[in-house]
Amino acid sequence: MKKLILIFTTLILLLTTTACNSDRASILFNKHPISEKNIYDYSVIFPRNTRIYYVILMPEKVESRYLYIQVIKKDNDYGRLGYNLVWTRDIRLKDEEINYYTDYFVLNEKGYYLMKVFSKDNPHKSLASAEFYVQK
């Protein structure tokens with residue numbers, strides 16, 4: 001009986017104290033052009049020299065409509081604390097792209113990568129980040 005009360009109390013505490021305050025922006029990667037039918041078929045492992053399609057989902061409106069995207073390779077072969085900036089892009093969101101942006105890029109080196117998205121309103125705070133791998 002004591003175990004049942006303890007489990008029930010723990011479950012109630014877990015449900016009441018672990019709530020999210022707001023939705024955050026996110027990044028999804030795919031091997032094929034992203035559409036409504038395959039948006040949930042995301043992947044994080046890609047072969048070299050192929051297109052890596054991505055979609056940035058933003059539940060909140062970005063005030064300035066300008067985004068800055070970085071792709072960073074995490075590796076210890078570089079002298080910059082293991083980080084190498086591989087690809088960047090400045091984007092202006094169109095009227096129909098207020099809550100999302102989709103595009104692709106190609107990487108030809110295998111390794112572990114990190115993609116970060118920043119708003120031009122606050123370039124010091126990352127809106128979203130996601131990790132992916134490029135294989136041989």
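A distance of 9.0 Å separates CZ in F132 from CD1 in I27, rounded to the nearest 0.5 Å. Residue I56 holds its CD1 atom at 5.5 Å from CD1 of I91, rounded to the nearest 0.5 Å. Distance check: L93 CG to M58 CE gives 4.5 Å after rounding to the nearest 0.5 Å. Atom CG in L127 sits 12.0 Å away from atom CG in L57 (nearest 0.5 Å). Atom OH of Y83 and atom CD of Q70 lie 12.0 Å apart (nearest 0.5 Å).
The minimum heavy-atom distance linking R48 with K110 is given by the pair CD-N, 3.8 Å. Taking all atoms of both residues into account, the shortest heavy-atom contact from F118 to K125 is CD2-O, 3.6 Å. The two residues K120 and D90 come nearest to each other via the heavy atoms NZ-OD1, 3.4 Å. Smallest separation of non-hydrogen atoms from A128 and A25: CB-O, 3.5 Å.
A salt bridge links R65 with D95: at least one charged nitrogen is closer than 4.0 Å to a carboxylate oxygen.
Under the 4.5 Å side-chain heavy-atom criterion for grouping Ile, Leu, Val, Met, Phe, Trp and Tyr, V117 is not connected to I98 through any hydrophobic cluster. Grouping the Ile, Leu, Val, Met, Phe, Trp and Tyr side chains by contacts below 4.5 angstrom, directly or via other members, places V86 with Y54. A single hydrophobic cluster is not seen to contain both Y40 and V44; linkage of ILVMFWY side chains at heavy-atom distances under 4.5 Å, directly or through other members, places them apart. Hydrophobic cluster membership differs between Y68 and Y101, with clusters built from Ile, Leu, Val, Met, Phe, Trp and Tyr side chains linked at under 4.5 angstrom.
At distances below 3.5 Å, not a single donor-acceptor pair connects side-chain atoms of D41 with backbone N or O atoms of N30. Distance alone, capped at 3.5 Å, places no donor-acceptor pair between the K74 side chain and the G111 backbone. Side-chain atoms of S119 never come within 3.5 Å of backbone atoms of L67 as a donor-acceptor pair (strictly under, hydrogens ignored).
The side-chain heavy atoms of I52 and V134, taken from C-beta on, include a pair separated by under 4.5 Å.
Taking the six-membered ring for Trp, Y53 and Y104 have ring centres closer than 6.0 Å.
Around OH of Y42, the count of heavy atoms belonging to other residues, nucleotides or ligands within 6.0 Å does not exceed 12.
Exactly one residue among F29, Y112, Y113 makes a side-chain contact (heavy atoms from CB on, under 4.5 Å) with E131. That residue is Y112.
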